[in-house]
> 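Here it is, the structure, as structure tokens.
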Amino acid sequence: MAHTDITKRRTSWWERLGEHCYRASTPQLVRDMQNEASLTFEELINDLGAPLDAIFEGEVARQMNHGACLAFVPAETLMPVMMQRFGLEASRIAEDSDLRAMRRICNACPVAGQCWRAMRRDAGVEECRGFCPNAEAFDRRAAVA
């Protein structure tokens, strides 16, 4: 066996171990960031364009789906972007009586993490219709506008 084969195998093993340790510690890392660096964490999750490691992003989304990201308000960060996907401008329906109900639905969304990831990668309206609990309301509003 050549020396390069041994080095390659060791590197691969170390990389796998490192990734395993990172994956295993990411849930705690996200919780620690929320508790110990809450302002930075809040800025990070509210910036839909911020580059994030895929493992970290996935864990944040998972915790959002379980309501663990307490400082995150989906109706403030996600709903305006989602409305744009449906061809709506939040400022044009700001006085709409249904807006309050749509905001409540958004803030109670069981798939806020999925939505967060979709908005981060600029998902299209068809994909959004598949999971957004406000999709029908947005479609109705877009038809009137």
> How long is the span from the OG1 atom in Thr26 to the CD atom in Glu59, to the nearest 0.5 Å?
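Going from OG1 on Thr26 over to CD on Glu59, the span is 7.0 Å.
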> Salt-bridged, Asp98 to Arg140, with N to O below 4.0 Å?
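Between Arg140 and Asp98 there is no salt bridge, as every charged N stays at least 4.0 Å from the carboxylate O atoms.
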> I'd like to check Phe72 versus Leu78 (side-chain heavy atoms, cut-off strictly below 4.5 Å). Are they in contact?
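They are in contact (side-chain heavy atoms under 4.5 Å apart), so the answer is yes.
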> Just wondering, do Asp122 and Arg85 contact through their side chains at under 4.5 Å, heavy atoms?
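Touching, per the 4.5 Å side-chain cut-off.
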> For Arg117 versus Ala54, what's the shortest heavy-atom pair and its separation?
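Closest approach of Arg117 to Ala54: NH2-O, 4.0 Å.
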> For residues Ala142 and Phe86, report the shortest heavy-atom separation together with the two atoms involved.
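Shortest heavy-atom separation between Ala142 and Phe86 comes out as CB-O, 3.3 Å.
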> Apply salt bridge (Lys or Arg N to Asp or Glu O under 4.0 Å) to residues Asp139 and Arg129 and explain how you reach the verdict.
CA-CA 9 Å; Asp139 277 332; Arg129 278 190 184 102; 2.9 Å; yes
> Can you measure from CE (Met82) to CG (Asn134) and round to the nearest 0.5 angstrom?
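It is 8.5 Å, given to the nearest 0.5 Å.
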> Distance to the ring centre below 6.0 angstrom and angle to the axis at most 45 degrees; does that hold for Arg120 and Trp116?
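Ring-cation test returns yes.
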> Taking Thr77 for the side chain and Pro74 for the main chain, is one N or O donor matched with an acceptor at less than 3.5 Å?
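Not a single qualifying donor-acceptor pair exists.
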> About how many Å separate CD1 of Ile55 and CG of Leu29, when rounded to the nearest 0.5 Å?
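It is 11.0 Å, given to the nearest 0.5 Å.
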> Just so I know, are the side chains of Phe56 and Arg23 near enough to count as touching, which here means a heavy-atom distance under 4.5 Å?
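A side-chain contact is absent here, since even the closest heavy-atom pair is not under 4.5 Å.
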> Please check if any side-chain donor atom of Arg31 sits under 3.5 Å from a side-chain acceptor atom of Gln28, or the reverse.
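Yes.
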> Checking Phe41 against Val30 for the side chain to side chain contact (heavy atoms under 4.5 Å, CB included) test, could you report, in this order, the C-alpha distance in whole Å, the side-chain angles of both residues, the deciding distance, and whether it holds?
CA-CA 8 Å; Phe41 183 75; Val30 171; 3.9 Å; yes
> Quick check: closest heavy atoms across Gln34 and Cys69, and the distance to 0.1 Å?
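In this case the closest contact between Gln34 and Cys69 is OE1-CA, 3.2 Å.
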> Could you point out which residue of Met64, Arg62, Gln63 forms a side-chain contact (heavy atoms from CB on, under 4.5 Å) with His66?
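In the set Met64, Arg62, Gln63, the residue that makes a side-chain contact (heavy atoms from CB on, under 4.5 Å) with His66 is Arg62.
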> Starting at CG of Leu39, measure out to CG of Leu44 and round the result to the nearest 0.5 Å.
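With rounding to 0.5 Å, CG (Leu39) is 12.5 Å from CG (Leu44).
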> Let me have the donor-acceptor pairs involving side chains of residues 100-115, under 3.5 Å, with sequence neighbours excluded, atom names and distances please.
residue : atom : partner : partner atom : Å
Arg103  : NH1  : Ala75   : O            : 3.4
Asn107  : OD1  : Ala75   : N            : 2.9
Asn107  : ND2  : Arg103  : O            : 3.4

> Are Met83 and Val73 connected, step by step, through hydrophobic side chains (Ile, Leu, Val, Met, Phe, Trp, Tyr) whose heavy atoms are closer than 4.5 Å?
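In one cluster: no.
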> Between the side chains of Arg16 and Glu19, is the shortest nitrogen-to-carboxylate-oxygen separation below 4.0 Å, so that they form an ion pair?
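Arg16 and Glu19: not salt-bridged.
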